[in-house]
Novice: 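Okay, handing you the structure first.
Every chain is numbered from 1, with letters handed out A, B, ... down the list of sequences.
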Protein chains: 2
Amino acid sequence: MEPVGLRERKKLQTREALRRAAWALFAERGYDATTLADIADAAGVSTRTIFAYFPSKEDIVFCEFESMRGALAVALAERPAGQDALGALRDFIVSSAHEKADGEGIEQVIAADETLRSHKRARIAEFQDIVAAAIAEDLGAGPDDLRPQVAAASLTAAFEVLEREGGGKPHDAADVAAAIDPIIAFVRAGLNALPAG
Amino acid sequence: MEPVGLRERKKLQTREALRRAAWALFAERGYDATTLADIADAAGVSTRTIFAYFPSKEDIVFCEFESMRGALAVALAERPAGQDALGALRDFIVSSAHEKADGEGIEQVIAADETLRSHKRARIAEFQDIVAAAIAEDLGAGPDDLRPQVAAASLTAAFEVLEREGGGKPHDAADVAAAIDPIIAFVRAGLNALPAG
DNA sequence: TGGAAAAATTGCTTTCGATGCAGCAATATA
DNA sequence: TATATTGCTGCATCGAAAGCAATTTTTCCA
């Protein structure tokens with residue numbers, strides 16, 4: 001059931017080596033000051049090989065976002081019966097908070113680079129559709145109803161403010177909850193004010 | 001009062017020639033399929049010179065955003081006494097709508113390219129601080145009060161949804177107003193639900 | 001177990017955006 | 001007119017990204 005041949009194991013290993021080497025170099029000298037050649041050297045592969053694992057240099061920075069998106073989708077899909085999408089999202093963020101204490105400093109790397117910051121926002125925006133779909137389900141909204149999209153967009157944008165203003169350090173679950181809850185309340189109130197359709 | 005020597009006049013002219021040539025080529029063959037060499041040729045300057053006028057290829061696409069930001073700042077600063085920031089923003093967008101009927105098709109160019117779309121979002125996000133400042137004034141909010149930032153972020157994000165979903169074509173003032181007003185109401189209601197601080 | 005097939009890795013080459021530098025030309029100033 | 005500014009240009013370089021063909025490694029079947 002889980003054959004995972006030598007091949008796939010090695011691939012995972014190489015990918016991790018690349019990611020790890022890159023993150024370390026980014027943290028050490030900064031994103032721009034690190035070339036793909038540096039990364040390849042540190043990981044023991046050729047520069048060309050990097051592109052077999054990551055479509056671009058930036059994707060090495062953001063490669064964890066994809067699994068996070070998957071986790072969010074699961075959390076929203078499997079939320080308890082009584083809980084609405086906004087509540088499930090809240091819980092997801094709060095419970096993800098402590099995991100974010102990544103010792104590898106990739107968040108600092110992103111924070112230090114204007115381009116990366118901006119692209120992070122874009123990546124987060126990719127979560128919108130998932131959230132919007134869950135909200136649409138709650139609301140029984142049709143495809144022409146923009147309320148879910150608007151609410152989801154507001155949410156992600158507001159979260160981004162939190163992260164930016166929060167300085168990036170208050171990774172304590174209680175703090176996070178205290179910051180998130182007003183945002184959720186904000187969107188809930190807004191949604192109530194919006195007519196269907 | 002306005003000496004504007006030959007030199008400055010020529011500079012303006014060259015800049016416009018570059019912008020015009022670039023936009024035309026983008027519209028004709030697409031953004032990626034147009035190289036800086038193509039643009040330089042069409043404008044009658046050297047490739048190197050482009051960088052004297054625009055910091056990057058992308059900035060040729062978004063160069064009008066800066067003046068729009070200035071116009072928004074003015075509109076917010078000089079709003080009539082009885083009008084709040086949200087109302088002024090609404091009016092600004094509605095009255096800007098008809099000007100957006102740019103015959104040069106840059107909006108289509110942006111819409112056709114995923115990267116440009118994402119970067120447009122980032123540019124729009126640069127408006128947030130201006131809007132947030134105006135809202136903060138309305139609310140009498142201090143620098144630690146995140147409500148203005150959250151509201152401004154929600155606004156720009158929601159507007160982006162509108163533009164995306166709206167297909168980009170309903171540039172009639174009445175349509176725009178009909179689309180904007182619910183967004184404004186959404187944010188107003190959200191703000192009311194948010195405690196100060 | 002041996003060897004063909006599939007897949008991964010690599011070097012090489014090219015394209016393009018971006019930047020530093022130095023010489024030259026056009027403009028401004030005195 | 002002489003001189004100082006400023007702009008334009010070519011050139012050379014760097015880094016990211018992508019195509020291609022050769023080579024090595026892994027897999028899988030006879």
Side-chain angles (χ1 to χ4, degrees), chain A residues 1-23 25-26 28-63 109-110 112-116 118-119 122, chain B residues 1-19 21-23 25-26 28-63 109-110 113-116 118-119 122:
Chain A
M1 215 32 179
E2 291 270 345
V4 270
L6 170 60
R7 196 165 231 161
E8 311 182 32
R9 223 177 318 132
K10 255 195 164 175
K11 273 200 95 167
L12 277 230
Q13 213 172 299
T14 303
R15 188 190 168 87
E16 254 307 282
L18 275 170
R19 206 228 62 213
R20 193 176 290 279
W23 283 25
L25 287 170
F26 291 158
E28 189 181 318
R29 348 177 163 161
Y31 179 76
D32 274 329
T34 305
T35 70
L36 292 175
D38 294 336
I39 299 169
D41 279 356
V45 297
S46 80
T47 304
R48 194 64 188 77
T49 298
I50 295 180
F51 291 97
Y53 289 92
F54 301 95
S56 77
K57 187 183 176 185
E58 266 204 18
D59 280 284
I60 309 180
V61 173
F62 293 114
C63 62
V109 170
I110 296 173
D113 184 286
E114 165 54 35
T115 305
L116 290 180
S118 143
H119 288 184
Chain B
M1 210 37 179
E2 290 270 346
V4 271
L6 170 59
R7 201 162 226 164
E8 310 181 32
R9 225 176 317 132
K10 258 193 163 176
K11 273 200 94 166
L12 277 226
Q13 214 172 297
T14 302
R15 189 191 167 86
E16 254 306 280
L18 274 170
R19 199 216 43 122
W23 284 24
L25 288 170
F26 291 158
E28 189 181 318
R29 351 179 161 158
Y31 179 76
D32 274 329
T34 305
T35 69
L36 291 176
D38 295 336
I39 298 171
D41 279 355
V45 296
S46 80
T47 304
R48 193 64 187 76
T49 297
I50 295 180
F51 291 97
Y53 289 93
F54 301 95
S56 77
K57 187 183 177 185
E58 266 203 19
D59 280 284
I60 309 180
V61 173
F62 294 113
C63 61
V109 170
I110 297 173
D113 184 287
E114 165 55 33
T115 305
L116 290 181
S118 144
H119 288 186

Novice: Can you find a side chain N or O atom of B:T35 that sits less than 4.0 Å from OP1 or OP2 on C:dC16?
Specialist: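 So the side chain of B:T35 is outside the cut-off, no N or O lying under 4.0 Å from OP1 or OP2 of C:dC16.
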
Novice: Give the nucleotide from the list D:dG7, C:dT10, D:dT9 with an atom nearest to the side chain of B:K11.
Specialist: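 For B:K11, the side-chain atoms sit closest to D:dG7.
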
Novice: With a cut-off of less than 4.0 Å, is there a side-chain N or O of B:K10 near OP1 or OP2 of D:dG7?
Specialist: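 Checking D:dG7 against B:K10, no side-chain N or O comes under 4.0 Å of OP1 or OP2.
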
Novice: Which heavy atom in B:A37 sits nearest to a heavy atom in B:T47, and how many Å separate them?
Specialist: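 Looking at all heavy atoms of both residues, the shortest contact is CA-OG1, 3.8 Å.
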
Novice: I want to verify a distance call: between D:dA18, D:dC8, C:dC16, whose nearest atom is closest to the A:F51 side chain?
Specialist: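 My answer, after comparing the listed nucleotides, is D:dA18.
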
Novice: Would you find a donor on one side and an acceptor on the other, under 3.5 Å apart, between the side chain of B:D38 and the backbone of B:T35?
Specialist: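 Yes: the side chain of B:D38 pairs with the backbone of B:T35.
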
Novice: Tell me the interatomic distance from A:K57, atom NZ, to D:dG15, atom P, rounded to whole angstroms.
Specialist: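 In whole Å, D:dG15 P lies 9 Å from A:K57 NZ.
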
Novice: Please pick, from C:dA18, C:dT10, D:dG7, the nucleotide with the shortest atom-to-atom distance to any side-chain atom of B:S56.
Specialist: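 Given the options C:dA18, C:dT10, D:dG7, the side chain of B:S56 is closest to C:dA18.
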
Novice: Can you measure A:L18 atom CG to C:dT9 atom P for me and round it to whole angstrom units?
Specialist: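 Value for this atom pair: 9 Å.
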
Novice: Should the pair B:E16-B:R19 be classified as a salt bridge under the 4.0 Å nitrogen-to-oxygen rule?
Specialist: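 Judged by the 4.0 Å cut-off on N to carboxylate O distance, B:E16 and B:R19 do form a salt bridge.
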
Novice: Can you find a donor-acceptor pair, distance only, under 3.5 Å between B:R48 side chain and C:dG20 base?
Specialist: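 Side chain to base: pair present.
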
Novice: Separation of B:L36 atom CG from D:dG10 atom C1', in whole Å?
Specialist: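 That distance rounds to 16 Å.
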
Novice: Starting at CD of A:E8 and ending at P of C:dA8, how long is that distance when rounded to a whole Å?
Specialist: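 In whole Å, C:dA8 P lies 9 Å from A:E8 CD.
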
Novice: Among C:dT10, D:dA18, D:dC8, find the nucleotide with the atom closest to the side chain of A:S46.
Specialist: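 Ranking C:dT10, D:dA18, D:dC8 by closest atom to the A:S46 side chain puts C:dT10 first.
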
Novice: Please determine, for the side chain of B:R7, which listed nucleotide (D:dG7, C:dT10, D:dT9) has the closest atom?
Specialist: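 Of the options given, the side chain of B:R7 lies nearest D:dG7.
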
Novice: Could you state the atom-to-atom distance from CG of B:D41 to C1' of D:dG10 in whole Å?
Specialist: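 About 14 Å, once rounded to whole Å.
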
Novice: Just by distance, do the side chain of A:S118 and the backbone of A:E114 share a donor-acceptor pair under 3.5 Å?
Specialist: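 Between the backbone of A:E114 and the side chain of A:S118 there is no qualifying donor-acceptor contact (under 3.5 Å).
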
Novice: Expressed as a whole number of angstroms, how long is the span from B:Y31:OH to C:dC16:C1'?
Specialist: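 Computing the B:Y31:OH to C:dC16:C1' distance gives 11 Å.
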
Novice: Once you round it to whole Å, what is the distance between C1' of D:dG7 and OH of B:Y53?
Specialist: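 Nearest whole value for this atom pair: 7 Å.
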
Novice: Do the ring planes of B:F26 and B:Y31 sit parallel (below 30°), tilted (30 to 60°) or perpendicular (above 60°)?
Specialist: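 Correct class here is tilted.
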
Novice: Whole angstroms only, please: what is the CD-C1' distance between B:Q13 and C:dA26?
Specialist: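 The answer, rounded to whole Å, is 15 Å.
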
